Participant: 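Below is the structure I would like to discuss, written out as structure tokens.
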Amino acid sequence: MIDVTHQIDSVSRRVGRRDFRAGEARVITIGRTYDSPPEDVWDACTDPERIQRWFLPVTGDLRVGGTYQLQGNAGGTVERCDPPRGFFATWEFGGEVSWIELRLTPEGDGTRFELEHIAHVDDTKWAEFGPGAVGVGWDSILLGLDGDLSGARPVKPEDAMAWLASEEGRRFVTLSSEAWYAANVDSGEDETVARASADRTTAAYTRSGS
């Protein structure tokens, strides 16, 4: 059984904007501190054999200039890599290109994990679902990573999807969506707009169980 409230409360979330390449981009940042050392967290995030234990099977050439493909999900190109401190890569899915940057820094005896997802999103599309559109997915990914670093048994993708469709999984998604709503408001978004975006995100995820 998963302590859903603890998992949600253990994660920090920020929403912002930045000038990036073709213009102003939306940025969401998700972070968490793990008890594991940076080398272990790095290994969990970059070793294909380990990634498939907590996320999805991945193929490709995981080096600078190489490409990767997550089974049934995003793929992209590795643009920078600085083990065990982080990497920068494209995140290509559904015909759209965005970018992810992972940063790992020592924190006490553990590691501070931070991931930025950077995307050029027009205001109309952003208003539809807000940061939760991808933020809820990243919360789910960090949940899987936490399990691997805690020594939990490997999780099959189909079992993870079944859990998200369960009552406990829907509660996790709802709390995640609410947390991204709060981060959106903290960024300066109008509360009414942020509320409507979050409600649509929650409905989309809980209806499909994805």
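Quick caveat: nothing in here was measured; it's all calculated off a predicted structure.
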Participant: Starting at OG1 of T90, measure out to CD1 of I100 and round the result to the nearest 0.5 Å.
Facilitator: 8.0 Å

Participant: Can you list the residues that meet the side-chain contact (heavy atoms from CB on, under 4.5 Å) rule with T5, with sequence neighbours excluded?
Facilitator: D3, D9, R171, L175

Participant: What is the distance from atom CG of L115 to atom CD of E101, rounded to the nearest 0.5 Å?
Facilitator: 8.5 Å

Participant: State which residues pass salt bridge (Lys or Arg N to Asp or Glu O under 4.0 Å) with R21; sequence neighbours excluded, sorted by chain then number.
Facilitator: E79

Participant: Which value, rounded to the nearest 0.5 Å, describes the distance between Q69 atom CD and L56 atom CG?
Facilitator: 10.0 Å

Participant: Report the residues that fulfil side-chain hydrogen bond (donor to acceptor under 3.5 Å, both in side chains) with R200, sequence neighbours left out, ordered by chain and then residue number.
Facilitator: none

Participant: Would V41 end up clustered with I30 when hydrophobic side chains under 4.5 Å apart are linked, directly or stepwise?
Facilitator: yes

Participant: Just grab all the ring-ring contact (aromatic ring centres under 6.0 Å, His included) pairs involving residues 42-68, residues at least two apart or on different chains.
Facilitator: none

Participant: Just checking, is any N or O donor in the side chain of R26 or S98 under 3.5 Å from an acceptor N or O on the other one?
Facilitator: no

Participant: Name each donor-acceptor pair under 3.5 Å that joins a side chain in residues 124-145 to protein atoms two or more places apart or in another chain, with its distance.
Facilitator:
{"unit_1": "K125", "atom_1": "NZ", "unit_2": "E96", "atom_2": "OE1", "d": "3.1"}
{"unit_1": "K125", "atom_1": "NZ", "unit_2": "E96", "atom_2": "OE2", "d": "2.5"}
{"unit_1": "W138", "atom_1": "NE1", "unit_2": "H117", "atom_2": "ND1", "d": "2.9"}
{"unit_1": "D139", "atom_1": "OD1", "unit_2": "R13", "atom_2": "NH2", "d": "3.0"}
{"unit_1": "D139", "atom_1": "OD2", "unit_2": "R13", "atom_2": "NE", "d": "3.2"}
{"unit_1": "D139", "atom_1": "OD2", "unit_2": "S176", "atom_2": "OG", "d": "2.6"}
{"unit_1": "D139", "atom_1": "OD2", "unit_2": "W180", "atom_2": "NE1", "d": "3.0"}
{"unit_1": "S140", "atom_1": "OG", "unit_2": "V136", "atom_2": "O", "d": "3.2"}

Participant: Could you state the interatomic distance from CD1 (I28) to CD (E116), rounded to the nearest 0.5 Å?
Facilitator: 10.0 Å

Participant: Can you pull the ring-ring contact (aromatic ring centres under 6.0 Å, His included) pairs that have at least one residue in residues 5-25, sequence neighbours excluded?
Facilitator: F20-W99

Participant: Do L104 and F113 come close enough that some side-chain heavy atom pair is under 4.5 Å?
Facilitator: yes

Participant: With sequence neighbours left out, what residues match E24 under side-chain contact (heavy atoms from CB on, under 4.5 Å)?
Facilitator: R17, D19

Participant: I'd like to check V27 versus T29 (side-chain heavy atoms, cut-off strictly below 4.5 Å). Are they in contact?
Facilitator: yes

Participant: How far apart are the C-alpha atoms of D40 and Y34, what are their side-chain angles, what is the distance that settles it, and do they pass the side-chain contact (heavy atoms from CB on, under 4.5 Å) test?
Facilitator: CA-CA 10 Å; D40 188 38; Y34 293 104; over 6 Å; no

Participant: Please examine the side chains of L62 and P48, heavy atoms only from C-beta on, and report whether any two atoms are closer than 4.5 Å.
Facilitator: yes

Participant: Restricting to non-hydrogen atoms, name the atom on C45 and the atom on I51 that form the minimum distance, rounded to 0.1 Å.
Facilitator: O-CD1, 3.4 Å

Participant: Check the surroundings of atom CG in D122: do more than 12 heavy atoms from other residues, nucleotides or ligands lie under 6.0 Å from it?
Facilitator: yes

Participant: Should V58 and W91 be counted in the same cluster of Ile, Leu, Val, Met, Phe, Trp and Tyr side chains packed under 4.5 Å apart?
Facilitator: yes

Participant: Side chain to side chain contact (heavy atoms under 4.5 Å, CB included) with R170: which of V4, T206, L164, T202?
Facilitator: T206

Participant: Go through the structure and list residues passing salt bridge (Lys or Arg N to Asp or Glu O under 4.0 Å) with E107, not counting sequence neighbours.
Facilitator: none

Participant: Write out all pairs satisfying salt bridge (Lys or Arg N to Asp or Glu O under 4.0 Å) with one or both partners inside residues 183-193, taking only residues at least two apart or from two chains.
Facilitator: none

Participant: side-chain hydrogen bond (donor to acceptor under 3.5 Å, both in side chains) for S12 and R112? Distances and angles first, verdict last.
Facilitator: CA-CA 11 Å; S12 64; R112 181 64 182 173; 2.6 Å; yes

Participant: Looking only at heavy atoms, which two atoms of P38 and T111 are closest? And how far apart?
Facilitator: N-OG1, 2.8 Å

Participant: Look up atom OG in S177 and atom CG in N184, then write down how far apart they are to the nearest 0.5 Å.
Facilitator: 10.0 Å

Participant: For D199, enumerate each residue passing the salt bridge (Lys or Arg N to Asp or Glu O under 4.0 Å) test, keeping only those at least two apart in sequence or located in another chain.
Facilitator: R195

Participant: CG/L149 to CG/D43 distance, rounded to the nearest 0.5 angstrom?
Facilitator: 9.5 Å

Participant: Any side-chain hydrogen bond (donor to acceptor under 3.5 Å, both in side chains) involving residues 141-157? Give me the pairs, sequence neighbours left out, ordered by first then second residue.
Facilitator: Q7-D146, R32-D146, R50-D148, R53-D148

Participant: Suppose we screen for salt bridge (Lys or Arg N to Asp or Glu O under 4.0 Å). Which residues come up paired with E92, at least two apart in sequence or across chains?
Facilitator: none

